[in-house]
2 protein chains.
Amino acid sequence: MNDKRPIRATSGTNHEGTSAHNRRVIIDALRLNGALSRADLARATRLTKQTVSNIMEELEGDGLVTSRESVRHGRGQPSTPYGLVPEGAFAIGLQIDRHITRAIAVDLVGNVLIRKEANLPAGGPTTGTPVVLQLVQDVRMELKQRVAQAEKRLVGLGAAMPGPFGLERDDADNPWMMGPWQRFPLLETLSAGTGLNVTLQNDAAACATAERMVGAAHGLDHAVCLYVGYGIGAGLILGGELYSGARGNAGEIGMALLSSGGRRTVEHNASLASLYEHLGVDPMAPDIYSLIDKRAAADDPDILAWVEKAAVDLRWSVHLIETVFDPQTVILCGGAPAALAVRLMAAMQPLLPSNADRPNRLLPRLQLGMTDPWAVARGAAAEPIGHAFDPRFSAILKS
Amino acid sequence: MNDKRPIRATSGTNHEGTSAHNRRVIIDALRLNGALSRADLARATRLTKQTVSNIMEELEGDGLVTSRESVRHGRGQPSTPYGLVPEGAFAIGLQIDRHITRAIAVDLVGNVLIRKEANLPAGGPTTGTPVVLQLVQDVRMELKQRVAQAEKRLVGLGAAMPGPFGLERDDADNPWMMGPWQRFPLLETLSAGTGLNVTLQNDAAACATAERMVGAAHGLDHAVCLYVGYGIGAGLILGGELYSGARGNAGEIGMALLSSGGRRTVEHNASLASLYEHLGVDPMAPDIYSLIDKRAAADDPDILAWVEKAAVDLRWSVHLIETVFDPQTVILCGGAPAALAVRLMAAMQPLLPSNADRPNRLLPRLQLGMTDPWAVARGAAAEPIGHAFDPRFSAILKS
DNA sequence: CAAATTAGTCAAGACAATTGACTTAAAGAA
DNA sequence: TTCTTTAAGTCAATTGTCTTGACTAATTTG
């Protein structure tokens, strides 16, 4: 009969889509700017005062915003600012790293309420999954105990782990990869194990989300986070949204070959894995973070030697990021201890010339972002909250 | 009194935004799938039959779609497909290249109605602008003569030229740059000179737009066009939209340094400029395109030597693009003559390993796109048409 | 104390999608 | 043939959401 080829089309939208979009726009404005009056919101979103009033009433009813003390500014009736209610929503963030797993609980404005971590046994998902699930369960339990209505305002679980995802070839020999984990249906397992709405992204992307929410990328539409963790990656904020690529592997800059001939990648010289190897320390050591931090702070020559070597590749990475993404700024972030990160930043100067190298820039080419072992988990937790409220294209489409 | 810091927020939307979005979704579906019945459209866009009917009636009244012959498919009333009317809208596309400028007129479905080109005198915008404006004027005049109502359905002028834009440092010595043009307020000049709605993008981006509209990227949401022209660039289709970066310079992969130490870029070995230099031919020669094409087709050893050298860097470029963008496919396109492009493609095999190198891919890692000197102008022309009708986030925001 | 200015509300109206019943047109079954 | 099923498409009423314009409220300025 007729060919039943699938028809490709974007989804249309309707009244509810409009309304959802406007709600999200308002929440996003409040997150970005702090408390705002209805009149301010109306101007900023280009909606009418009345529309904003209606939506605010609804949001207040939903327990997502509350009024603050009214402020006088010159002539006219004083305005009543409304701010987000931290307890309006909660999410759990989960990081699965090479040797450790971390889980946190955050609220609507990004405050971290609970942190827990556990060593991840060797043996991949088989032995690791119970540990991870238990950790999540512990965080959830404690959250439930601490905040009465948290459970029903828990919007989801955001998980992050090193990429790349969906590769079929086995890179078991590559110390920077987590092959068994990457082939494991983590999302489904977590979803089944917790009953929560689960999202999965790579650690660099999660870090970028965290930077956008509360860090150096706050309010920026084009920013790239150069993530230095056990491996190296880039988290991409492009056009105001996190970009993940066709299969969630965008930004895996650590795997970029440094030249057309060689087999060396950025990760070989600049990842924390390479640092541990260089120093001959055991990455499983429980106090490794503070150990590195102390040695870096004391300008340990072994550390400085690694920093010099790593800076060469990181400098090139920044050049590359600037050249291909044209961001407003590049943010160095990740699990590197603060003292180490500061030294890396310094060693990367001067940056290589690039298109981003112009006078009268508003933002520096390279900024130091969060150097917090919990940053990835924070970003992971931000994902479900963002999904629930951010103004994004997909959000206005019909469900 | 109070601090009048600017408030950052996304714009809200209203009924007209909804309606505009749905119109655009429908037009886009028709462009992507060809003629579709109202029922098909309703299913594809997830709008109701009635809504689609209303919009179709409006679009038909606007002269953008017409009904085709009804088709029977099994039981039920036969459907009446509607297709885009080519004469529904027109746009002018303009390419400004190093030594030549091209202008075309296209219709709503992308047919090229008129092509004109002119040599661009040395001396930059001062001597070049009159030539460009005259060329545009010529195309416009001929369009007006050929199609009576074209003038009032002319939605804009899309211009493309090599990037990068907005650099303040002077690279007059760099033969791959067009410094004076890049610092020239082309957009304003064209706008003032023609009275049209003008957009400006780089040539690689324009080429990507063309590939998305009628080429290998048709219907893809994540595709990168590796553009080999006088310089080298990448046109980025990310998340279904063209991505340009913070300042329109995203994808300038030709300027990426090949290693952290050196000063060599992809453009040095793989651009047509490097080919002309390698061959010792004058890039101003009027028949240069067919000349290269013939020599390539005859497997001229000088050409083949260049191909080998260029392929090394292009292979690396593909690896890099796959690693940082994670696209569904990479498309080799640009102003290279067909015979040369085919040889480049062949010489690039085998590709370097990357995350994209997995079995059961749906699309090849690298495809040959348009090898048409007019592709850039076509893509440039698609921009105003797309702007007028595409479903994009910005389109649903309040004007 | 009146005028100006700004925040915010009220009630009616406008716009655009939805709903459900209906009409039309074809294929297949009895 | 005729009845049933299926699918396309229309009609008219309804619903959801934003806009409009007039209004009230609260404050500063002259």
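Residue numbers start from 1 in every chain, and the chains themselves are labelled A, B, ... in the order their sequence lines are given, proteins ahead of strands. Predicted, not measured: the structure shown is a model, and the values here were computed from it.
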Once you round it to whole Å, what is the distance between [atom2] of [N] and [atom1] of [X]?
X       : N      : atom1 : atom2 : answer
B:Met56 : D:dT10 : CE    : C1'   : 15 Å
B:Leu36 : D:dG9  : CG    : C1'   : 16 Å
B:Lys49 : D:dA12 : NZ    : P     : 16 Å
A:Gln50 : C:dG13 : CD    : C1'   : 13 Å
B:Asn14 : C:dG13 : CG    : C1'   : 15 Å
B:Arg75 : D:dA7  : CZ    : C1'   : 10 Å
A:Arg72 : D:dA25 : CZ    : C1'   : 14 Å
B:Asn22 : D:dT17 : CG    : C1'   : 14 Å

Tell me yes or no: between the side chains of A:Arg68 and A:Tyr82, is some donor less than 3.5 Å from an acceptor? no

DNA chain C: 5'-proximal contact among B:Pro78 and A:Gln77 (nearest heavy atom): A:Gln77

Along DNA chain C (nearest heavy atom to each residue), the more 5'-positioned of A:Ala39 and A:Gly76: A:Gly76

Can you check whether [X] has a side-chain N or O nearer than 4.0 Å to OP1 or OP2 of [N]?
X       : N      : answer
A:Thr51 : D:dT17 : no
B:Thr80 : D:dG9  : yes
A:Arg38 : C:dT9  : yes
B:Thr18 : C:dA16 : no

Between [options], which one does the side chain of [X] approach most closely?
X       : options                : value
A:Glu16 : C:dA17, D:dT19, D:dG16 : D:dG16
A:Ser79 : C:dG8, C:dA17, D:dC18  : C:dG8
B:Ser37 : D:dT19, D:dC18, D:dG9  : D:dG9
B:Thr48 : C:dC15, C:dT18, C:dG8  : C:dT18
A:Ser19 : D:dT17, C:dT18, D:dA8  : D:dT17

For B:Arg361, salt bridge (charged side-chain N to carboxylate O under 4.0 Å, His left out) partners two or more places apart: none

Between A:Glu58 and A:Arg23, is the closest basic N to carboxylate O distance under 4.0 Å? yes

Under the 3.5 Å rule, do the base of C:dA16 and the side chain of A:His15 count as making a donor-acceptor pair? yes

So which of B:Asn111, B:Ile385, B:Val147 actually passes side chain to side chain contact (heavy atoms under 4.5 Å, CB included) with B:Phe90? B:Val147

Contacts of A:Thr194 that satisfy side-chain contact (heavy atoms from CB on, under 4.5 Å) - sequence neighbours left out: A:Leu133, A:Val136, A:Arg140, A:Leu157, A:Leu196, A:Val198

